[in-house]
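Every chain is numbered from 1, with letters handed out A, B, ... down the list of sequences. All heavy atoms count here, side chains included; hydrogens, waters and symmetry mates do not.
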Number of protein chains: 2
Amino acid sequence: MTVLIVEDDAVHRAFLRDVLVGTLPGCRLIEAADGVVGEALAREHESMNVVVDLQMPRRTGVEMARTLWRERPGTAIMFWSNYADEAYVRGVSRIVPEGAAYGYVLKSASEERLALALKSVFLEGQCVIDREIRSVQQKSADRSGSFTDVEYEILVDLALGLTDRLIAERRGISLRSVQNRLGQIYDKLGVYETEAGSDVFNLRMRAVTLAGLRKLLNRNSLEQAEAELAAWLAASPRAGGGRR
Amino acid sequence: MTVLIVEDDAVHRAFLRDVLVGTLPGCRLIEAADGVVGEALAREHESMNVVVDLQMPRRTGVEMARTLWRERPGTAIMFWSNYADEAYVRGVSRIVPEGAAYGYVLKSASEERLALALKSVFLEGQCVIDREIRSVQQKSADRSGSFTDVEYEILVDLALGLTDRLIAERRGISLRSVQNRLGQIYDKLGVYETEAGSDVFNLRMRAVTLAGLRKLLNRNSLEQAEAELAAWLAASPRAGGGRR
DNA sequence: ATCTTCTTTGCGGGATCCCGCAAGATCCCT
DNA sequence: AGGGATCTTGCGGGATCCCGCAAAGAAGAT
């Protein structure tokens, strides 16, 4: 069995190496320090399993996993991350192909838990999601204050700094509808729940800040969204064109 | 010599332990997994040196260092962090007491570099700042597009979601001045530099997004600012009080 | 004291944002 | 087909934001 380790932190990489040889004796290890290299290495080998960090320079674990799974949906991937941000959880579960084996464990988990998860995913083809992450998933799925995909998209547009008008244009709905959505988003994020009156805040900004503090948005998700936005802006020839 | 290790990641903590016993033979090690515990332990011992991670749950490395230095400005502290975000660099250099020995090295640095830095700081009482971080410091100090402290404060207020009016109140300047400052901030962040016209963005939001992407603001700095804001709101009895 | 330069502040106005209200539109259930 | 719940859209208006303009102040140089 071949296992590809993609992790930028040398200390963690060494740790993973140890755990893997202990857990899957006789496995062949390949290592990469970021997603770009990892992707290239993955292409060179037929069937393999992958352990990948989520935060990496150049190319995120999620991005790498997406292209990897697009080419070979059968690959088993273990995500190994520091954080259980809702933004990450959303990002991962958005790209998992049907029936693919994958795992998501936190770096704070014990070595045993990691070893067990590796065996389950790579040998048994099961899915193993860390307890803590499951709870985030739940919260984001069934809580009353949860977010639709549409709402989430608009929240991202908001965070990117688009005007209402442009969001409407991009998502193909009317200006007023955008504003309705924003209203719901404000509600769900609890923009109004503040001790000192409510005319204290600029609502759209406050919403994004709260989303950030709740780890619903993070730098990674924004970076990606920013790239998508740039692509869309380039593709759709804008009429207006700058007042200054 | 006593060294306190404050680091939430068990793998990194073990690594630090190894490096320390190799570098400073015979030193006594104490460990804590977060800033709160670390602070308590630091209080129990007379003179000690500290190695501390910047990102930790509950209490940041910066927060811990600040209270520690307030009580005993002579303590030597080594900051050991994953990132060279301008937000962190600013945060650290804001709290260093005069003449204190400290270091700031990245986790991506080699073991030798870390060992060398530890010796310089703990034995020689020197200051060792990682090359990469120095460059961030420089950039934030002399570049034309750099930020005054005032501007930075207002940028943070902006990111927290305050209205212009409240920022004015909080910082003790007129509404118009706040707006002037915002204008400068927009300029420096390059809010207008976009291919597709400039009436595309909501300026205040866009500014904060760009600041985030540039790592000028990050989740940590916002969390802290949020706490300070809450304190200020509680302390200054607000007149208005909610329209809803 | 005078001039220069930079900053602060007020005023005004166009653009945007936030949202209540009400008229359709859509969908589901019976 | 009818009724009800939800969603979308337009209109209107008050609040806020962004910024040009110019007067008033502050700091420094000659």
> Quick one: B:Ile154 CD1 to C:dT8 P, roughly how many Å, whole number?
Replying inline: 9 Å
> Would the number of heavy atoms belonging to other residues, nucleotides or ligands and lying under 6.0 Å from CZ of A:Arg72 be above 12?
Replying inline: yes
> Between atom CD1 in A:Ile173 and atom P in C:dA25, what is the gap in whole Å?
Replying inline: 18 Å
>> Without decimals, in angstroms, what is the distance between B:Asp164 CG and C:dT9 P?
In response: 14 Å
> A:Tyr192 side chain N/O closer than 4.0 Å to the phosphate oxygens (OP1, OP2) of C:dC19?
Replying inline: yes
> Starting at the 5' end of DNA chain D and moving along, which residue's nearest nucleotide shows up first, A:Leu175 or A:Gln184?
Replying inline: A:Gln184
> Taking A:Arg113 for the side chain and A:Leu106 for the main chain, is one N or O donor matched with an acceptor at less than 3.5 Å?
Replying inline: no
> Whole-Å distance between D:dT16 P and B:Leu182 CG?
Replying inline: 15 Å
>> Could you tell me how far apart A:Arg176 (CZ) and D:dT8 (P) are, to the nearest whole angstrom?
In response: 11 Å
> Are A:Asp164 and A:Arg181 within salt-bridge range, i.e. N to O under 4.0 Å?
Replying inline: no
>> Looking only at the side chain of A:Ser174 (C-beta and beyond, no hydrogens), which of the listed nucleotides D:dG10, C:dC19, C:dT8 gets closest?
In response: D:dG10
> What is the distance from CD of A:Gln179 to C1' of D:dC11, rounded to the nearest Å?
Replying inline: 12 Å
> Does B:Arg181 place a side-chain N or O at less than 4.0 Å from the phosphate oxygens OP1/OP2 of C:dT7?
Replying inline: no
> Nearest nucleotide by nearest heavy atom, which residue falls closer to the 5' end of DNA chain C, A:Met205 or B:Asn180?
Replying inline: B:Asn180
> Whole Å only: how far is the CD atom of B:Glu151 from the P atom of C:dT7?
Replying inline: 10 Å
>> Side chains of A:Tyr88 and A:Gln55: any donor to acceptor distance under 3.5 Å?
In response: yes
>> Would you say A:Ser177 places a side-chain N or O within less than 4.0 Å of OP1 or OP2 belonging to D:dT9?
In response: yes
> Whole-Å distance between D:dA15 P and B:Asn202 CG?
Replying inline: 20 Å
> Just wondering, do B:Arg219 and A:Asn218 contact through their side chains at under 4.5 Å, heavy atoms?
Replying inline: no
